[in-house]
Amino acid sequence: MAIRVGVPRETAAGERRVSLIPELISKYEKAGFETIVESGAGEGAYLPDSVFTEKGAKIGTRDQVLAADVILKVQPPSKEEINELASGSILVGFLSPLDSPEISAGLAERGITSFAMELVPRISRAQTMDALSAMASVGGYRAVLVAAEALPKFFPLLTTAAGTVKPANVFVLGAGVAGLQAIATARRLGARVSGYDIRSEVKEQVQSLGARFVELDIETQESQDTGGYAKALAEEKAKRQTELLVPHIAAADVVVTTALIPGRPAPVLVTREAVEAMKPGSVIMDLAAANGGNCALTQADRKVVHNEVSILGPTNLPSEMPVHASEMYARTLLALVTEMVSDGELKLDFEDEIIGGACVTHGGNIVNERVKTLVAG
């Protein structure tokens, strides 16, 4: 008997992505799965029920989908959705295990075996399962487009009969996947771009995209004392960093911030003073808004205007590009789920680095030590 994979419709407000695209149904079938999709699950990504059935999936009710052996989701489940899942089933998706550990506690209590895409280990064998990087790439791209629309200026250099228009200055804080994509997108739009990251080793990556790498004169030596002095030094270093960033922020027309630390509040890199040093009409796009924001004035999913500077704090930019975001995310899910199957049967090898690393709950318990510690307080 084939293993059933269920694809429910996302219920989180504003979520338009879907966890399966029709092109991957045959790959699931080849691995020993049959797919059942909740009616309307793909509508937000412009995928009607008919395109799923044409590729061999069944369309079912929500109850039928949630009764499957393996459930694929985009957003973490709500309390109501956790109660709808069948005990003993497998849930795979974004679960916010470090930011919202109570979700993991609920899944354990329900007897669900869950795998968080956020916890897939960063090893070469798991590159095709790296959903975080895939969505960060979408977010970095979209962030610049939204910021360009909000900026009351052109991005590129323009030479016209009415004179020459200087290019906009874009400053990107953080050179991870989202930051590098933001840099590349701003460059393609013709802006003059600079990037900053506390990690000097990413300098070449920033420069390879045609941007200038900003280096700050920050003391990096750590104290050898054990009386809390190292922590104090780290705090002083962080304060110094924000002070040194002010002139670079003030010179920018657009600032894109991308610094996130899973399970912790986002570090504040753009202070109120930095915002007040910016030119009227400037834009801050804060990609860390969901974790409090890299800007001291950011409010999640709201536009804040301070001193005529617009501060944008979207928390789900990938959902604004649901077609390609769904394609990319669905492929990462497929790569992980097929690791759980051998000879057409589900065989979870928890000794495997990927399976063991991504698993959050199993057998009624939280099995990830970091999450277990968070739940315990």
Side-chain angles (χ1 to χ4, degrees), residues 96 98-100 118 122 132 136 139-140 143 147 169-183 193-207 211-252 254-278 282-300 304 306-307 309 311-315 370 373-374:
S96 296
L98 302 180
D99 295 314
S100 302
E118 298 97 326
R122 294 292 181 92
L132 280 180
N169 291 309
V170 176
F171 185 30
V172 179
L173 294 172
V177 175
L180 292 173
Q181 186 60 253
I183 288 171
V193 186
S194 56
Y196 168 75
D197 197 293
I198 198 167
R199 301 166 299 157
S200 59
E201 59 267 26
V202 302
K203 178 179 180 178
E204 290 185 5
Q205 297 178 52
V206 171
Q207 293 176 329
R212 180 176 66 91
F213 185 72
V214 171
E215 296 182 86
L216 303 181
D217 184 18
I218 300 176
E219 176 61 60
T220 58
Q221 182 180 356
E222 295 294 341
S223 168
Q224 299 299 314
D225 191 15
T226 58
Y229 182 63
K231 180 179 179 182
L233 184 62
E235 291 175 355
E236 183 61 31
K237 176 182 172 182
K239 180 181 178 182
R240 180 63 176 157
Q241 176 183 238
T242 58
E243 292 172 349
L244 292 174
L245 283 172
V246 171
H248 299 282
I249 293 168
V254 172
V255 174
V256 180
T257 70
T258 68
L260 271 174
I261 305 172
R264 293 177 57 187
V268 174
L269 302 176
V270 183
T271 61
R272 175 187 289 266
E273 291 72 23
V275 174
E276 293 175 349
M278 296 179 76
S282 299
V283 175
I284 296 173
M285 170 60 74
D286 194 337
L287 295 189
N291 288 51
N294 296 139
C295 175
L297 303 179
T298 296
Q299 294 185 34
V304 176
H306 182 80
N307 262 27
V309 174
I311 304 160
L312 310 178
T315 58
R370 294 168 67 191
T373 300
L374 290 171

**Student:** Kindly write out the residues that satisfy side-chain hydrogen bond (donor to acceptor under 3.5 Å, both in side chains) with Glu276, not counting sequence neighbours, or none if the list is empty.
**Tutor:**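 For Glu276 the side-chain hydrogen bond (donor to acceptor under 3.5 Å, both in side chains) partners, ignoring immediate neighbours, are His306.
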**Student:** Counting C-beta onward and ignoring hydrogens, is there a side-chain heavy-atom pair between Val206 and Asp197 closer than 4.5 Å?
**Tutor:**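 Answer no - side chains too far apart.
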**Student:** Can you find a pair of side-chain heavy atoms, one from Met285 and one from Thr257, that are under 4.5 Å apart?
**Tutor:**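 Of all side-chain heavy-atom pairs linking Thr257 with Met285, none is under 4.5 Å.
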**Student:** Looking at side-chain heavy atoms only, is the closest gap between Arg264 and Asn291 below 4.5 Å?
**Tutor:**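 No, their side chains stay 4.5 Å or more apart.
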**Student:** Would you confirm whether Asn294, through its side chain, and Val268, through its main-chain N or O, come within 3.5 Å as a donor-acceptor pair?
**Tutor:**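 Judged by distance alone, no pair lies under 3.5 Å.
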**Student:** Does a side-chain heavy-atom distance below 4.5 Å link Phe171 with Val193?
**Tutor:**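 Answer no - side chains too far apart.
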**Student:** So how far is it from Thr298 OG1 to Ile284 CD1, rounded to the nearest 0.5 Å?
**Tutor:**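 With rounding to 0.5 Å, OG1 (Thr298) is 7.0 Å from CD1 (Ile284).
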**Student:** Using the side-chain contact (heavy atoms from CB on, under 4.5 Å) rule, take Leu173 and Leu245 through it: C-alpha gap first, then chi angles, then the decisive distance, then the call.
**Tutor:** CA-CA 10 Å; Leu173 294 172; Leu245 283 172; 3.9 Å; yes
**Student:** With a 4.5 Å heavy-atom cut-off, do Val202 and Glu204 have their side chains touching?
**Tutor:**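 With C-beta onward as the side chain, the pair stays apart.
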**Student:** Can you check whether Gly174's main-chain N or O pairs, donor with acceptor, with Thr258's side chain at less than 3.5 Å?
**Tutor:**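 Between the backbone of Gly174 and the side chain of Thr258 there is a qualifying donor-acceptor contact (under 3.5 Å).
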**Student:** Where is the tightest heavy-atom contact between Gly313 and Ala289, given as atom of each residue plus distance?
**Tutor:**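 Nearest heavy atoms, Gly313 then Ala289: O-CB, 3.3 Å.
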**Student:** Val246 and Met278: side-chain contact (heavy atoms from CB on, under 4.5 Å), yes or no, with the steps?
**Tutor:** CA-CA 9 Å; Val246 171; Met278 296 179 76; over 6 Å; no
**Student:** Measuring from Glu243:CD to Leu216:CG, what's the distance to the nearest 0.5 Å?
**Tutor:**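 It is 11.5 Å, given to the nearest 0.5 Å.
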**Student:** Quick one: does Arg212's side chain get under 4.5 Å of Gln207's, heavy atoms only?
**Tutor:**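 No, side chains not in contact.
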**Student:** What pairs with Ser100 under side-chain hydrogen bond (donor to acceptor under 3.5 Å, both in side chains), at least two apart in sequence or on another chain?
**Tutor:**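 Testing Ser100 for side-chain hydrogen bond (donor to acceptor under 3.5 Å, both in side chains), a comparison that skips the adjacent residues, returns none.
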**Student:** With a 4.5 Å limit on heavy-atom distance, are the side chains of Leu244 and Thr242 in contact?
**Tutor:**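 With C-beta onward as the side chain, the pair stays apart.
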**Student:** Looking at Asp286 and Cys295, would you say the former's side chain and the latter's main chain have a donor-acceptor pair under 3.5 Å?
**Tutor:**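 Present.
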**Student:** Ignoring hydrogens, what is the shortest heavy-atom contact between Ala259 and Pro267? Give both atom names and the distance.
**Tutor:**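 Of all heavy-atom pairs spanning Ala259 and Pro267, the closest is O-CD, 3.7 Å.
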**Student:** Looking at Lys239 and Glu236, does any basic side-chain N land under 4.0 Å from a carboxylate oxygen?
**Tutor:**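 The answer is no: the pair does not qualify as a salt bridge.
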**Student:** May I ask you to decide if Asp99's main-chain N or O and Ser96's side chain share a donor-acceptor pair within less than 3.5 Å?
**Tutor:**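 Side chain of Ser96 to backbone of Asp99, a donor-acceptor pair under 3.5 Å: no, none is there.
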**Student:** Sequence neighbours excluded, which residues qualify as side-chain hydrogen bond (donor to acceptor under 3.5 Å, both in side chains) partners of Gln299?
**Tutor:**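 In terms of side-chain hydrogen bond (donor to acceptor under 3.5 Å, both in side chains), with neighbours along the sequence ignored, Gln299 is linked to Arg302.
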**Student:** Are Leu98 and Pro262 packed together at the side-chain level, in the sense that at least one heavy-atom pair is separated by less than 4.5 angstrom?
**Tutor:**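 A side-chain contact exists here, since the closest heavy-atom pair is under 4.5 Å.
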